[in-house]
Amino acid sequence: MAAPAAGWLPTTTMSRILLSHGAGGRDMLQLIEDVFRSRYSPAGVSQDDSAVLPLDEASLALTTDAFVVSPLFFPGGDIGRLAVAGTVNDLLTAAAQPVALAAAFILEEGLPLADLERIVLSMQETAAEAGVSIVTGDTKVVPRGSADQVFITTTGLGRILRPGVSGAAAQPGDAVLLTGSVGDHGTAVMLARENLLGAAPISSDAAPLTEIVLNLIRAGVAVHALRDPTRGGLAATLNEIAGQSQTAIQIQEDHIPIQPAVAAACEALGLDPLTVANEGKMVVIVPPGEADRALAIIRGSRYGERAVAIGTVLPGPAGRVQVRTAFGTARLLEMPTGELLPRIC
Ligand code: MG
């Protein structure tokens, strides 16, 4: 491999990787821009969650995600369910029907085989639910201490059903829809990890959202943008879309569903539920005239029963996300910074 060209050091002032570089917020975006996008293919690497590959017959979507969640098992899911749902949902954000998945496992010496089997079964069940198969994979085992139990990388291939769906395609006037409550996954994993006994039980929302997205596309809804609010939560997702599309987004705080137990846990942990990861939710941006129909379709689909309209896309200022409270006041919702919650997915 050739030596890197002069000037290869990232513009970030940090000389080592920090936990915040994996948190889904500003530091991670900067790392991706400075270290990866600038070298791989500045023009070609998408800022969306899947790359779009135009071929002769059909356009394909390609995405990959690594999963390092701790603990491996938590209420509502496990690393296997996450590894499938996360990659499936990233394909769906490109309005792509999942076609096939590949899974690579890094296993730590000493991992109980029963744990691996439980994870693999969960992956198989989640893939079946999403209507996709895991068709190839890889297994590596590293010495005890070189990894923590199991890390999984899942790659997904999808066939694009509706071209042009992208965070960059949000337009002023569009309605911003959310398929359900926020903060469930992140708080569920945190409570499980910290073993906070006595805390109200919270289940992760980890789920493949195939039915919601395919129902929207097949009904011909003119979807502009889809994005799953995972790391960095709703705050990161809305900031990404506002930045990509050079629009502003305004949301109504009291329209955002937050389960009482999640709100209480976030309060106790000092977290803003709008920055906490979700693994079974989608932000759906549609033209204003399509909002009611889209909402009805989402609510009639699995995992979309609690869908709501939370806001509107505005012409500008570009990249700004504003939250209006029930009292009529407004605050900026910024791209999250700092380390947030490591090993949440
Ligand atoms: Mg995503």
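By convention here, the first residue in the shown sequence is residue 1. Whatever order the structure lists them in is the order used to number ligands and atoms, beginning at 1.
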Using distance alone, with no hydrogens and no angle criterion, decide if [X] and [Y] have a side-chain donor and acceptor under 3.5 Å apart.
{"X": "Asp48", "Y": "Ser166", "value": "yes"}
{"X": "Asp78", "Y": "Ser122", "value": "yes"}
{"X": "Gln259", "Y": "Asp184", "value": "yes"}

Would you check if Leu55 and Leu60 make a side-chain contact, meaning some heavy-atom pair closer than 4.5 Å?
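SC-SC contact between Leu55 and Leu60 confirmed.
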cation_pi(Arg193, Phe74) dist<6.0 Å, angle<=45:
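No - Arg193 does not lie over the ring of Phe74 by the 6.0 Å and 45° rule.
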Could you grab the protein N, O or S atoms closer than 2.8 Å to the Mg ion (ligand 1) for me?
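Metal shell, protein only: Asp49 OD2, Asp90 OD1, Asp228 OD1.
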Charged N to carboxylate O under 4.0 angstrom, Arg302 versus Glu129?
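Salt bridge present between Arg302 and Glu129.
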